[in-house]
There are 2 protein chains.
Amino acid sequence: MPTPTAKSEATRELLVSTALRLFREIGYEKTTMRAIATAANVSTGSAYYYFASKDDLVHELYRSLQEEHRSRALPLLREGQNLGELLKVVLNTGIDVMGPYHDFGSNFISIAIRPSATTSPFGSESAVARARAISLFRQAVGLSRPQPPLAIRDDLPELLWYAYMAVTLFWVYDSSPHQERTRRLIDRAAPLISRLVILSRLPVVRKIVEDIVQLIHGTRQ
Amino acid sequence: MPTPTAKSEATRELLVSTALRLFREIGYEKTTMRAIATAANVSTGSAYYYFASKDDLVHELYRSLQEEHRSRALPLLREGQNLGELLKVVLNTGIDVMGPYHDFGSNFISIAIRPSATTSPFGSESAVARARAISLFRQAVGLSRPQPPLAIRDDLPELLWYAYMAVTLFWVYDSSPHQERTRRLIDRAAPLISRLVILSRLPVVRKIVEDIVQLIHGTRQ
DNA sequence: ACCCGGATTTGAACGCGTTCAACACGGTGC
DNA sequence: GCACCGTGTTGAACGCGTTCAAATCCGGGT
């Protein structure tokens, strides 16, 4: 039999699933807190008992998307591919997953950027989520052959995640049909990034790459 | 005597200056449209007659900051300096100018990112403003000695502007006193960027740089 | 059975950005 | 002088996110 905690958890989950469904079906703006609450058969006050803000519910969407991204991308990564191919897979599956929410438009980034209350983008609260996202790129890097130079192997996943954020920004503003320009960008940029990584083996290049990595470390805290 | 157009223009300017003052003095959230209108001795409806949204008034702030940035940076740029020094100047004056608005926090970027109605960040409406911002970097590039390689000279200003956007993002989330971490980032990153540019003279590097430039051109439209 | 206290729920109310129908102003043509 | 009309101006009203005091639920101690 369900303990009180379990019932509460059920309400919470119902709110999340209702919110995500409405986000998908009618978009961000039309999905009001009142609409979510009504569709979940609770009062608006109750919705706020479980989630401090509408943004928090959007962050639930992000979490969900991220998990789906991971579960779609991982099976497609095969050891021995070069980094460019693996990158294409990860970036393209990412765009696949976000597809239904393209008309969130700039809200998609706006909200992600906002450190509203608990959940921020680069802050400590979402550090967990970010680490999990980066770990997907770590997988890709780990499976790639040839392996990237040691000097950057550890930091490459994070850098690739930043590249992914940039691609997402591009995608948000991509008004071409089915966002095909973003697809082209990915297919062309991925091999370039792969070549850049290889290039970092050259002594002269390596020197500066090491300095860049050091700058990142120095800036991290 | 003022023509009707002139009087209208005066009201508009009064609203802008009032809004910018309030933004500076009491921050983004407390500066409500009602507060702006009241302080300017007009009704809220009138404020909306001149500006379609509160975001539009924030975009006025951006425009103003950008002009001040330009007029502070340009006199400090001297021909013959290397790119790293010039970059430091442009980035640091940029941060100087934005300083008073640091507690806008993520709104600073959120709103810039939003393509709300007329004014967007990467859209055609703000293309003018963006071009003007990029031209500041074009000045810096033009004055730098040695001159950057021809292969990237034309596109470098735009790339540097993207770097500036990244620095701004970092600044927004920089909670160190006086955002000194951002200063350190600038002082260390600027020379690195300069070295990267020089590096692009190497034949192997040049090849990939040309491909990157081509990707940018191909993606532009 | 009863009551207590925390967990949960409610719906009214607040402040905000925004909209809009109605109105005031002021110059133009007669 | 007057009617006209486009340019401003107004304040009430709407819908939204959010808050909160009060009500309700419910398991455990007596």
Side-chain angles (χ1 to χ4, degrees), chain A residues 1-16 18-19 22-23 26-61 104-107 110-119, chain B residues 1-16 18-19 22-23 26-61 104-107 110-119:
Chain A
M1 65 210 73
T3 80
T5 308
K7 185 185 171 197
S8 167
E9 193 59 28
T11 308
R12 199 195 128 93
E13 287 312 314
L14 177 61
L15 279 168
V16 171
T18 305
L22 291 181
F23 281 145
I26 63 178
Y28 173 74
E29 266 111 28
K30 295 220 263 196
T31 303
T32 65
M33 288 301 279
R34 284 167 179 82
I36 296 170
T38 303
N41 286 312
V42 299
S43 66
T44 54
S46 265
Y48 277 96
Y49 179 78
Y50 290 99
F51 300 95
S53 66
K54 185 178 177 182
D55 281 8
D56 270 23
L57 278 164
V58 176
H59 282 287
E60 291 294 327
L61 168 62
F104 261 53
S106 52
N107 292 312
S110 253
I111 300 167
I113 281 294
R114 222 171 282 160
S116 60
T118 59
T119 21
Chain B
M1 69 207 67
T3 81
T5 308
K7 186 185 170 197
S8 167
E9 193 59 29
T11 309
R12 200 196 127 93
E13 287 312 313
L14 176 61
L15 278 168
V16 171
T18 305
L22 291 181
F23 281 146
I26 63 178
Y28 173 75
E29 267 112 28
K30 295 219 260 196
T31 302
T32 66
M33 288 301 278
R34 285 166 178 83
I36 296 170
T38 302
N41 287 310
V42 299
S43 66
T44 54
S46 264
Y48 276 97
Y49 179 77
Y50 290 99
F51 300 94
S53 66
K54 185 177 177 182
D55 281 8
D56 269 24
L57 278 166
V58 177
H59 282 288
E60 291 294 327
L61 168 61
F104 261 52
S106 53
N107 292 313
S110 256
I111 299 167
I113 282 294
R114 223 172 281 159
S116 58
T118 59
T119 21

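Fair warning: this is a prediction, and the values are worked out from it, not measured in the lab. The figures that follow rest on heavy atoms only: side chains count, while hydrogens, waters and symmetry mates do not.
- Straight-line distance from the CD atom of Glu9(B) to the P atom of dT7(D): 15 Å, rounded to whole Å.
- In this model, the phosphate group of dT9(D) is not approached by any side-chain N or O of Ser43(B) to a distance below 4.0 Å at OP1 or OP2.
- Across dG17(C), dT10(D), dC26(D), the shortest atom-to-atom separation from the side chain of Lys54(B) is found for dG17(C).
- No side-chain donor-acceptor contact under 3.5 Å links Lys30(A) to the backbone of Ala35(A).
- Regarding Phe51(B), its CZ atom lies at a distance of 16 Å from the C1' atom of dG17(C), rounded to whole Å.
- Taken to the nearest 0.5 Å, the CZ atom of Phe23(A) stands 6.5 Å off from the CG atom of Leu61(A).
- Following rounding to the nearest Å, Arg12(A) (CZ) and dT9(C) (P) show an atom-to-atom distance of 13 Å.
- For the atom pair OG1 (Thr18(A)) and CD1 (Ile36(A)), the distance works out to 8.0 Å, reported to the nearest 0.5 Å.
- Closest approach to the Tyr49(B) side chain among dT9(D), dT18(D), dT9(C) is made by dT9(D) (side chain taken as heavy atoms from C-beta onward).
- Distances shown here put a side-chain N or O of Tyr50(A) below 4.0 Å from the OP1 or OP2 atom of dT9(C).
- Taking side-chain N and O atoms only, Lys30(B) has no distance below 4.0 Å to OP1 or OP2 of dC16(C).
- Residue contacts shown for Ser46(A) include a base, since a base heavy atom lies under 4.0 Å away.
- Atom P of nucleotide dT9(D) and atom CG of Leu15(B) are separated by 9 Å, given to the nearest angstrom.
- No donor-acceptor contact under 3.5 Å links the side chain of Arg34(A) to the base of dG15(D).
- Leu57(A) has its CG atom 11 Å from the P atom of dG17(D), to the nearest Å.
- Side-chain atoms of Tyr48(B) lie closest to dT19(C) of the nucleotides dT18(D), dT7(D), dT19(C).
- Between dG17(C), dT10(C), dA12(D), one nucleotide has an atom nearer to the side chain of Val42(A) than all others, and that is dT10(C).
- When rounded to the nearest whole Å, the span between CG of Leu14(B) and C1' of dT9(D) equals 14 Å.
- Checking dT18(C), dT10(D), dT18(D) against the side-chain heavy atoms of Met33(B) singles out dT18(C) as nearest.
- The OG atom of Ser110(B) sits 12.0 Å away from atom CZ of Phe104(B), with the distance rounded to the nearest 0.5 Å.
- Atom CE of Met33(A) sits about 11.5 Å away from atom CG of Leu22(A), to the nearest 0.5 Å.
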